[in-house]
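Indexing begins at 1, ligand by ligand and atom by atom, following the structure's order.
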Amino acid sequence: MRRLRRTQALRQLTAETKLSVDDLIAPLFVREGIISPEPIVSLPGVVQHTQESLKSEVAELISRGVKAVILFGVPQVKDPLGSAAFDPDGVVQIALRELRQNFGDDVVLMTDLCIDEYTDHGHCGVLTPQGQVDNDATLEIYNQAACAQATAGADIVAPSGMMDGQVAAIRSGLDAQGHSEIAILAYAAKYASGLYGPFRDAVKVELPAGQDRRAYQQDWRNVREALEEVRLDIAEGADMVMVKPAVTYLDVIYRVRQEVDLPLGAYHVSGEYSLIKAAAANGWIDETAVALEQLTAVKRAGADLILTYFAKDIAELLAG
Ligand code: PBG
């Protein structure tokens, strides 16, 4: 077996999996009411952007060959309904208009479609008077957010709240409002993971003490349940599906790939990024080598697209 491993050129020739810059989607945070970009301590190298710095970042990504971004908003005011998620002048809607105006169709604009960044209680849905997440009332809000994002210029909306029926509700809402060309990337199998911690710093979300998302996100002991989630989302009209997080769920990615021929995404989440950054900062691992190894593993497991905070750095490497 070693003959074909002898030189770099031979290894390149026989590599089974090739990560490409075309596979990458960069998650970006845009925050209302700041005048310069704010570093996110637990996500080294990632910032909360101003509208201005967001434009420069997208220009830089495009110049490195990354042509897809997913936007997350950090509003100034949060309320029980997450109103800034569907306000035409909410921070993400403004960003979409500006990016579309500046970059036309040179970039694929995706939006996370959820309200946890916008609610004062931090849940992904609106609450009943008893404090439970109200599935069907939340679908109404998602619908309004989807239409606001589509109107502002999103190509793809990505519902991430794990409410039952969210894809069907959003599809029919978009179609009814004349947005039938807008695609849906379903966060189909999204686990109640401990790896979202740094992201919650990034969007300033804090659940009340003792609360969590396990009544809507998936139990990480289950894989068949993930396949059911994926089947439902596809039946409801998803154009693409996603598994999240990525590296801890390679078996889920693999199983979904065996069953599904639609484009399959995987989200290499904030905690996956920060673990690598922290170990590398201590000199314990080689950051780039481990990032490439993990992202390639995600592709090898069957993902077509990878959302990753490494997009900008890795793009340079893949190009060079
Ligand atoms: C929900 C959402 C979350 C992430 C993406 N969309 C947070 C959550 O479910 O708690 C996490 C992404 C990451 O950790 O990088 N709006």
Side-chain angles (χ1 to χ4, degrees), residues 24-31 40-48 69-75 78 81-82 84-86 90-92 110-126 133 138 141-142 145-146 149 154 156-163 166 170 184-208 211-220 229 241-249 265-278 291 294-295 298 303 305-312:
L24 305 179
I25 299 166
L28 298 173
F29 301 100
V30 56
R31 179 170 168 187
I40 302 158
V41 174
S42 55
L43 274 178
V46 180
V47 301
Q48 294 172 326
V69 300
I70 180 160
L71 301 180
F72 296 90
V74 189
K78 304 190 186 214
L81 292 183
F86 53 85
V91 63
V92 159
M110 309 176 41
T111 45
D112 185 75
L113 173 38
C114 192
I115 57 172
D116 62 325
E117 297 104 281
Y118 304 95
T119 53
D120 51 12
H121 46 72
H123 277 292
C124 297
V126 294
V133 171
T138 300
I141 307 271
Y142 285 179
Q149 293 174 348
I156 301 175
V157 298
S160 67
M162 294 299 283
M163 295 301 120
Q166 62 185 13
I170 291 163
I184 297 176
L185 163 61
Y187 283 70
K190 174 172 172 178
Y191 286 88
S193 173
L195 290 161
Y196 307 146
F199 172 92
R200 291 179 191 157
D201 288 343
V203 295
K204 297 156 76 73
V205 167
E206 214 176 316
L207 288 174
Q211 295 192 24
D212 58 47
R213 303 194 198 287
R214 285 183 289 183
Y216 40 102
Q217 298 180 350
Q218 276 183 251
D219 188 316
W220 31 256
E229 284 281 5
V241 292
M242 178 152 73
V243 173
K244 176 188 172 190
V247 174
T248 318
Y249 300 88
Y267 198 146
H268 190 258
V269 301
S270 58
E272 297 181 286
Y273 172 88
S274 298
L275 286 170
I276 295 177
K277 282 281 184 183
Q294 290 204 355
L295 297 174
V298 172
L305 307 164
I306 307 174
L307 285 70
T308 171
Y309 302 96
F310 284 112
K312 191 163 89 171

Please list the nearest protein heavy atom to atom 14 (O) of ligand 1 with its residue and the distance rounded to 0.1 Å. Ser270 OG, 2.7 Å

When rounded to the nearest 0.5 Å, the distance separating CG of Leu207 from SG of Cys124 is 8.0 Å

Nearest-0.5 Å distance, CZ of residue Phe72 to CD of residue Glu117: 6.5 Å

Among all the protein's non-hydrogen atoms, which is closest to atom 16 (N) of ligand 1, and how far away is it? Asp116 OD1, 2.7 Å

Residue, atom name and distance, where the atom is the protein heavy atom closest to atom 15 (O) of ligand 1: Tyr309 OH, 2.6 Å

Among all the protein's non-hydrogen atoms, which is closest to atom 4 (C) of ligand 1, and how far away is it? Lys244 NZ, 2.6 Å

Do Leu81 and Tyr118 come within less than 4.5 Å of each other through their side chains, counting heavy atoms only? no

Taking a cutoff of less than 4.0 Å between a non-hydrogen atom of the residue and any ligand atom, is Ser160 in contact with ligand 1? yes

For Phe72, the ligand 1 atoms whose distance to one of its heavy atoms is below 4.0 Å: 5 (C), 6 (N)

Could you list the residues that satisfy salt bridge (Lys or Arg N to Asp or Glu O under 4.0 Å) with Arg214, not counting sequence neighbours? Asp212

Tell me, which protein residue and heavy-atom name are nearest atom 10 (O) of ligand 1, and how many Å apart are they? Arg200 NH2, 2.6 Å

Kindly identify the option in Glu272, Glu117, Gln217, Lys190 whose heavy atom sits closest to atom 2 (C) of ligand 1. Lys190

Check residues 193-206 and write down every donor-acceptor pair under 3.5 Å in which the side-chain atom is one partner and the other belongs to a residue at least two apart or another chain.
{"unit_1": "Ser193", "atom_1": "OG", "unit_2": "Leu195", "atom_2": "N", "d": "2.9"}
{"unit_1": "Tyr196", "atom_1": "OH", "unit_2": "Tyr191", "atom_2": "O", "d": "2.6"}
{"unit_1": "Asp201", "atom_1": "OD2", "unit_2": "Ser42", "atom_2": "OG", "d": "2.7"}

Among the heavy atoms of Tyr267, does any lie under 4.0 Å from an atom of ligand 1? yes

Report the relative orientation of the aromatic rings in Tyr267 and Tyr309; use parallel for angles under 30°, tilted for 30 to 60°, perpendicular for over 60°. tilted

Numbering the atoms of ligand 1 from 1, which are under 4.0 Å from a heavy atom of Cys114? 1 (C), 16 (N)

